[in-house]
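A quick write-up on the structure given underneath.
The chains referred to below are lettered A, B, ... by the order of the sequence lines, with proteins before strands, and numbering in each begins at 1. Bear in mind that the values here come from a model prediction, so they are computed numbers and not experimental data.
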Amino acid sequence: MLDINMVRNQPEVVRQALVNRSEPTDSLDAILAFDVQRRDILKQSEQLRALRNSVSKEISKMKDATAREAKIAEMRAVGDQIAALEVDLKKVETQLEELTTAIPNVPDLRTPVGLSEDDNVVLRTEGAPRQFDFAPKPHWELGVALGILDFERGVKLSGTRFYVLNGAGARLQRALITWMLDLHTQQGYREEYLPFMVKQQTLFAAGQLPKFKDNLYHDVEEDFWMVPTAEVPLTNLHGGEILSADQLPLHYCAYTPCFRREKMKAGSDVRGIKRGHQFDKVEMYMFCTPESSDAELEKMLADAEAVCKGLGLTYRVKQLCTSDIGFSARMTYDLEVWAPGCGEWLEVSSVSNCGDFQARRANIKYRRETGAKVELVHTLNGSGLALPRTMIAVMENYQQVDGSIVVPDVLRAFVGMDVIR
RNA sequence: GGAGAGGUAGCAUAGUCUGGUCUAAUGCGCACGCCUGGAGAGCGUGUACGGUUAAAACCCGUCGCAGGUUCAAAUCCUGUCCUCUCCGCCA
């Protein structure tokens, strides 16, 4: 959520941000109008409240019954006026909130302006794609042939786009999770085990609600929401708290499954495990001071890259343009790994600086020093990494001519074998 | 799931029965000052958050949350969430 003071004082900054994000700007004018209305009504009702408060005090001391009754009657009328104003106020505030919470974050000035994902900028590519002396197979062929990936039974259990990992396939994924968490722990992130179901407010604070309601699974009976990413519970770990400056920065990492109800285009990404309603992810998250978030973003990017490097994967770093960065983000880097079997660059990580946008929604503040005013923290999040696509990259890059898959060095101890055959 | 007790500003407690000197007190902690060679003790001062405002004072709001009664609610009423204890059930 944006600071209403900022919207009020620098509406052109917000308007330009919306234009750069290819978002409509009409709500901005409505916000400004509602804001004026709100403060106008507020002023009136506060004055009346002040009057009632002081007269009520007088009433308690009044001896003369007639005069007392007169004042009470007078205040009864004032109370009615206040009630009427409050009704108006609530209406205005509801509309104001609806609009302001739907405004995305203002992109960082360094985020390239662009109209679509085609305008994202490839900053660099690390490593050269492996050269094969045979035709590399896609993971859905490799996995099924090896008996470590079962689409049919996944569909039997849950429908299209679900799958089962068997034996070494399941072990490989678990190995990746464990290794990634260990790596991030070494990098200074504290591992957390989190709820996979959260309440509404938790999703609101992370910027998922109300705008992305359609992408979430919701248990109506108990009002539990399945997390679409660990970013959601991680953001709220310190919700409503005032941290002290010497606690910052706080680094966390967590493994969670992610549940997404996205309406997938028929025919797109249908094959394999690239996109599903359920996937696993290891996530990094950070709370820090405003002046350090730029540098921390670079650290988090490096930490995510370390996963790709450790696995010996060829990857490229992209900087997302204004129309492709997430709702809460100011600046985002994507990591894409090369998958030779399906011949695609796969997005395995998205590392973002959200500035104070999430902190404002989640009410996460810190005090610079004793006695100082509280300020909002900055939050950053980054995948480290998304599991299915990492699995794809590992399977397809480490395949051999006979269809077996060499286990990357760093995972061998966890998988318990050198080659999956 | 059943019964009971509770939720007050960093922590711990008072206030609730009996509505108005509650403009929320007290202790601890913390910060600053005095004192000291230095520290401690002692003394003094300060110490929730949000809104309003150019900023501040004043002012308005917040005693888990949401409603209601009243001129006036921490206090009375209703609903709800959470915590603890006991019972039941369960991995």
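Summarising the geometry, the separation between CD1 on A/I82 and C1' on B/rC59 is reported as 13 Å, rounded to the nearest angstrom. As rounded to whole Å, 7 Å separates atom C1' of B/rC60 from atom CZ of A/R49. Atom-to-atom, CD of A/E69 to C1' of B/rC71 comes out at 9 Å; the value is rounded to the nearest Å. Distance CG (A/L85) to P (B/rG61): 14 Å, rounded to an integer number of Å. Rounding to whole angstrom units, CZ of residue A/R8 and C1' of B/rG51 are separated by 11 Å. Separating the CD atom of A/Q44 from the C1' atom of B/rG51 is a distance of 17 Å, rounded to the nearest angstrom. Atoms CD (A/Q47) and P (B/rU53) sit 12 Å apart, rounded to a whole Å.
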Check nucleotides 66-69 of chain B against the protein and report each pair of N or O atoms closer than 3.5 Å, with its distance, or say if there are none.
residue: B/rG67; atom: OP1; partner: A/K90; partner atom: NZ; Å: 2.9

What N/O pairs connect the protein and nucleotides 48-50 of chain B at under 3.5 Å? Give each pair on its own line.
residue: B/rC49; atom: OP1; partner: A/R367; partner atom: NH1; Å: 2.9
residue: B/rC49; atom: OP1; partner: A/R367; partner atom: NH2; Å: 2.9
residue: B/rG50; atom: OP1; partner: A/K365; partner atom: NZ; Å: 2.8

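Spacing between B/rG50 and B/rG7 at atom P, rounded to whole Å, works out to 25 Å. Taking atom P in both B/rU21 and B/rA72, the straight-line distance is 14 Å, to the nearest Å. For B/rU75 and B/rG15, the P atoms lie 15 Å apart once the distance is rounded to whole Å. When the C1' atom is compared between B/rG40 and B/rG19, the two are found 47 Å apart, to the nearest whole Å. Rounded to whole Å, the P atom of B/rU26 lies 13 Å from the corresponding atom of B/rG44. If you take atom P in B/rG2 and the same atom in B/rG79, they sit 14 Å apart, rounded to whole Å. To the nearest whole angstrom, the two P atoms, one in B/rU23 and one in B/rU62, are 12 Å apart. The same atom, C1', is picked in B/rC28 and in B/rC87; the two are 38 Å apart, to the nearest Å.
A/R52 contributes no side-chain N or O that forms a donor-acceptor pair with the base of B/rG20 under 3.5 Å.
For A/Q81 and A/Q44, the side-chain atoms include no donor-acceptor pair closer than 3.5 Å. Checking A/T235 against A/Y285 by side-chain atom types alone, a donor-acceptor pair falls below 3.5 Å. Side-chain contact, A/Y255 with A/D280: a donor N or O sits under 3.5 Å from an acceptor N or O. Counting only N and O atoms by type, the side chains of A/T256 and A/K281 include no donor and acceptor under 3.5 Å apart. A donor atom on one side chain and an acceptor atom on the other are not found under 3.5 Å apart for A/N105 and A/S328.
Pair check for B/rC76 finds B/rG68; Watson-Crick or G-U wobble, both atom distances under 3.5 Å. Remark: B/rC11 base-pairs with B/rG27. Criterion, Watson-Crick or G-U wobble with two distances under 3.5 Å. Nucleotide B/rA57 has no partner under the Watson-Crick or G-U criteria, as no pair reaches both atom distances under 3.5 Å. Base pairing of B/rC90: no nucleotide in any strand meets the Watson-Crick or G-U wobble criterion (both distances under 3.5 Å). Checking B/rG19 for Watson-Crick or G-U wobble geometry (two distances, each under 3.5 Å) identifies no partner in any strand. The pairing partner recorded for B/rA3 is B/rU85, the criterion being a Watson-Crick or G-U wobble arrangement whose two distances lie under 3.5 angstrom. Under the Watson-Crick or G-U wobble criterion, with both distances below 3.5 Å, B/rU62 is paired with B/rA48. Across every strand in view, B/rC34 sits in a pair with B/rG42 that passes the Watson-Crick or G-U test at under 3.5 angstrom.
Comparing A/A50 and A/D35 against RNA chain B, the residue whose closest nucleotide sits nearer the 5' end is A/D35. Comparing A/R38 and A/R76 against RNA chain B, the residue whose closest nucleotide sits nearer the 5' end is A/R38.
A cation-pi arrangement, defined by a distance under 6.0 Å to the six-membered ring centre and an angle within 45 degrees of its axis, is absent between A/R171 and A/F414.
Within the structure, every pair that satisfies the salt bridge (Lys or Arg N to Asp or Glu O under 4.0 Å) test and touches residues 182-199 of chain A, not counting sequence neighbours, is listed here: A/R190-A/E192.
The nearest pair of heavy atoms linking A/N236 to A/Q201 is OD1-O, 4.3 Å.
Salt bridge absent: A/E396 and A/K137 never bring a charged side-chain N and a carboxylate O closer than 4.0 Å. Taking a cutoff of 4.0 Å between a charged side-chain nitrogen and a carboxylate oxygen, A/R38 and A/E93 qualify as a salt bridge. Ionic pairing of A/D40 and A/K43 is not present here: no N-O contact between side-chain nitrogen and carboxylate oxygen is shorter than 4.0 angstrom.
Side-chain proximity of A/N53 to the nucleotides B/rG61, B/rU53, B/rG20 is greatest for B/rG61.
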